[in-house]
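In what follows, chains carry the letters A, B, and so on, assigned in the order in which the sequence lines appear, proteins first and then strands, with residues in each chain numbered from 1.
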Protein chains: 2
Amino acid sequence: MEFLKQLGEVAFGTRLRLLTDRFIQDGAKIYQKQNIDFEPRWFTMFYLLSQRSPLTITEITAELGYTQPAVTQIANILVKKGLVKVIKDKTDTRKRLLALSPKGLDMISELKPVWQGFENAVKDLFTETGFDMMFIISKLENALDEKDMYHRISEKIKQEQFDKIEILGYKPEYKDLFRDLNYEWLNKYFTIENEDKVLLLNPEEEIIAKGGEVIFASHKNNIVGTAALLKYRDDEYELAKMAVTEKVQGRQIGKKLAEEIIRLAKEKNAKVLFLETNAKLTAAMKLYKKLGFILTENHNSKYARSTIKMELKLN
Amino acid sequence: MEFLKQLGEVAFGTRLRLLTDRFIQDGAKIYQKQNIDFEPRWFTMFYLLSQRSPLTITEITAELGYTQPAVTQIANILVKKGLVKVIKDKTDTRKRLLALSPKGLDMISELKPVWQGFENAVKDLFTETGFDMMFIISKLENALDEKDMYHRISEKIKQEQFDKIEILGYKPEYKDLFRDLNYEWLNKYFTIENEDKVLLLNPEEEIIAKGGEVIFASHKNNIVGTAALLKYRDDEYELAKMAVTEKVQGRQIGKKLAEEIIRLAKEKNAKVLFLETNAKLTAAMKLYKKLGFILTENHNSKYARSTIKMELKLN
DNA sequence: TTAATATATATAAGCACTTATATAAATATA
DNA sequence: TATATTTATATAAGTGCTTATATATATTAA
């Protein structure tokens with residue numbers, strides 16, 4: 001067990017399981033020792049029926065946190081043991097109404113001391129350790145009700161991946177990647193126009209020399225995305241040629257690239273950053289809106305594919 | 001789930017189980033979503049081997065808290081999946097030395113982000129709820145290591161039963177019970193002597209009228225035990241005729257009876273309370289010692305069965 | 001050096017759940 | 001009023017452990 005303790009939070013689930021086992025298995029031993037033909041897993045259902053009855057399988061399922069087949073199984077065992085009786089519902093013949101049988105009712109007085117003993121032992125354990133575990137477990141349940149582990153972990157992984165993306169400045173050896181990454185999406189959704197070729201084949205002359213920038217996103221030492229900042233006028237720049245290779249899409253790489261382009265535009269004292277896109281690129285549109293770009297009046301574009309123009313005011 | 005919450009401490013085990021399930025099942029979904037062929041239950045073993053290897057099945061079992069067959073099963077799966085390789089130990093051919101295979105080593109980099117995400121999510125959850133759950137679970141584990149639930153519950157039940165035993169004074173309608181309860185153990189271990197009959201058939205004349213007492217223990221409205229205080233001299237009394245019916249033995253009823261006899265003796269200003277018994281009645285001997293009775297020099301007794309005399313000084 | 005005992009692992013069967021699916025009856029809809 | 005949908009329960013199969021036991025090898029004791 002030393003190893004599990006060293007592991008810390010990653011092994012929390014495992015340790016929780018081991019703790020649960022210790023609680024439940026010891027419960028079984030107690031009934032055996034007291035010579036009572038009863039098992040821990042029957043408890044919640046049996047107790048529920050002692051408090052409120054008759055109840056249908058479905059009603060019991062709603063209370064106990066088990067699945068319906070589990071409730072059916074336990075109910076069948078209790079019926080077989082003669083502790084629970086079944087009454088057919090008259091108005092709805094599908095329903096089985098369950099209630100404690102006379103034998104079951106008799107058993108309560110035998111069981112009560114065990115339950116009381118268990119309760120007292122658990123209370124003592126909590127006093128001994130100095131924690132109000134009932135409160136703590138409720139808190140954990142509520143937190144998981146609000147957001148389950150799946151979503152918590154997913155978010156964390158996304159965050160990690162986002163943090164791991166590095167933004168790099170232009171280097172001559174990336175020149176071909178700038179072209180290839182853009183050709184990938186242009187070929188997929190549209191066609192490559194002449195205006196594209198001018199920029200994509202000559203980024204050094206056509207973009208950087210004219211006061212713009214070309215940046216890249218690196219993930220695990222691979223260049224997986226790119227974007228360009230084009231100078232249009234002294235205080236007006238364009239975000240263009242943004243591309244993320246398909247297999248790493250959905251990891252916020254586009255966001256990171258766009259944020260860097262905005263930062264660079266501000267650095268150059270741009271007042272306006274605009275972009276052109278097509279309405280069918282919904283994921284891109286969503287990102288631009290999130291970053292604060294708003295639609296502007298229609299425009300004349302160099303590109304056939306361009307249907308939408310958006311801009312972001314910088315100050 | 002409302003019902004489970006109302007139940008409080010008795011349902012702690014059940015709620016712990018449900019909580020564990022939520023942790024483990026969400027873990028499985030994450031691997032699936034990330035397209036990694038891995039399961040939560042492989043984690044501890046896989047991680048252990050990534051830290052320390054090669055290890056035998058037995059060594060792994062010692063670290064993980066699983067049983068040996070569980071470790072064998074998981075190991076077999078990992079071998080089948082090609083993540084773990086087996087090396088035969090040369091000096092002991094029974095041993096299977098396990099280590100990560102090249103494929104397993106490769107997988108680590110894929111798995112690490114998931115583990116990191118899990119760890120961060122769990123840490124966040126604990127921060128959010130405001131409890132240092134790693135510390136709390138350690139405390140609970142330690143408490144259960146010291147004394148497990150079985151012993152905790154047993155003790156509580158014993159205590160409850162002890163508390164529920166009522167001591168009653170003599171009533172004429174109990175006269176036959178006084179005789180029968182004593183005949184039960186006399187017949188079992190010895191034989192009934194004449195001296196016994198004198199007292200057991202005439203408690204009112206032979207015990208109470210002479211300044212002694214006869215008391216009874218009642219459990220669930222049944223008389224299950226008895227004991228007598230016999231006046232021997234003005235300041236010397238005898239504890240005798242103590243009997244507890246067999247099927248409720250082991251519930252401290254004898255102790256409760258003896259304590260009451262001691263109290264009565266003190267009330268009568270006795271200086272010494274003695275008793276006679278037989279060395280083969282080990283349970284009784286143990287009780288007397290616990291109550292403070294000490295062995296005295298040998299003696300002449302009215303009873304053939306008496307081999308031992310003990311006394312308790314009162315003040 | 002042989003027999004008894006201990007150790008390492010495997011196998012079998014069981015348990016307490018789960019998910020997926022089937023079946024039958026009740027209810028809603030066209 | 002027939003048909004589709006929903007609801008209540010049952011059944012089947014799978015999972016991830018457990019306990020009990022078997023088997024093979026190693027170690028210890030006679």
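- Within the 4.0 angstrom heavy-atom criterion, only backbone atoms of the sugar-phosphate kind lie near E39(B); the bases stay farther away.
- The side chain to side chain donor-acceptor pair (under 3.5 Å) search around N76(B) returns R96(B), not counting sequence neighbours.
- Two rings, from W185(A) and Y189(A), have their centers 6.0 Å or more apart.
- Within residues 67-85 of chain B, the residues having any heavy atom closer than 4.0 Å to DNA chain C are, in order of number, Q68(B), P69(B), T72(B).
- Regarding L18(A), its CG atom lies at a distance of 9 Å from the P atom of dC17(D), rounded to whole Å.
- Between F162(B) and K256(B), the shortest heavy-atom distance links the atoms O-NZ, 2.7 Å.
- Between M149(A) and D26(B), the closest heavy-atom pair is N-OD2, 3.1 Å.
- Sequence order on DNA chain C of the closest nucleotides to K95(B) and K90(A) puts K95(B) first from the 5' end.
- By the neighbour-count criterion of 12 heavy atoms within 6.0 Å, atom NZ of K112(B) is sparsely surrounded, having that number or fewer from other residues, nucleotides or ligands.
- In 5' to 3' order, the nucleotides of DNA chain C bounding all contacts with chain A (an atom under 4.0 Å from a heavy atom) are dA16(C) to dA26(C).
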Apply side chain to side chain contact (heavy atoms under 4.5 Å, CB included) to L111(B) and I36(B), showing your working. CA-CA 8 Å; L111(B) 289 167; I36(B) 305 174; 3.8 Å; yes

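- The closest side-chain donor-acceptor pair between E146(B) and N142(B), if any, does not fall under 3.5 angstrom.
- Per the geometry, CZ belonging to F23(B) stands 18 Å off P belonging to dG16(D), to the nearest Å.
- The CD1 atom of I57(A) sits 14 Å away from the C1' atom of dT7(D) (whole-angstrom rounding).
- Mapped onto DNA chain D by nearest heavy atom, R96(A) and R17(A) fall at different nucleotides, with R96(A) at the one closer to the 5' end.
- Here the rule is side-chain contact (heavy atoms from CB on, under 4.5 Å) with R22(B), and of L16(A), D145(A), L140(A) only D145(A) fits it.
- Partners of K147(B) by side chain to side chain donor-acceptor pair (under 3.5 Å), not counting sequence neighbours, listed by chain and number: E155(B).
- Applying a 4.0 Å cut-off to non-hydrogen atoms, the residues of residues 24-35 of chain B that approach DNA chain C are Q25(B), listed by residue number.
- At the heavy-atom level, T91(A) lies under 4.0 Å from the strands shown only through sugar-phosphate atoms.
- For the pair L64(B) CG and dG16(D) C1', the interatomic distance rounds to 15 Å; values are reported in whole Å.
- Spacing between atom CZ of R94(A) and atom P of dA8(D) amounts to 6 Å, rounded to whole angstrom units.
- Listed by chain and residue number, nothing satisfies the side chain to side chain donor-acceptor pair (under 3.5 Å) test with T129(B) (two or more places apart in sequence, or in another chain).
- Side-chain contact check for E184(A) and T245(A): at least one donor-acceptor pair (N or O, by modelled atom type) lies under 3.5 Å.
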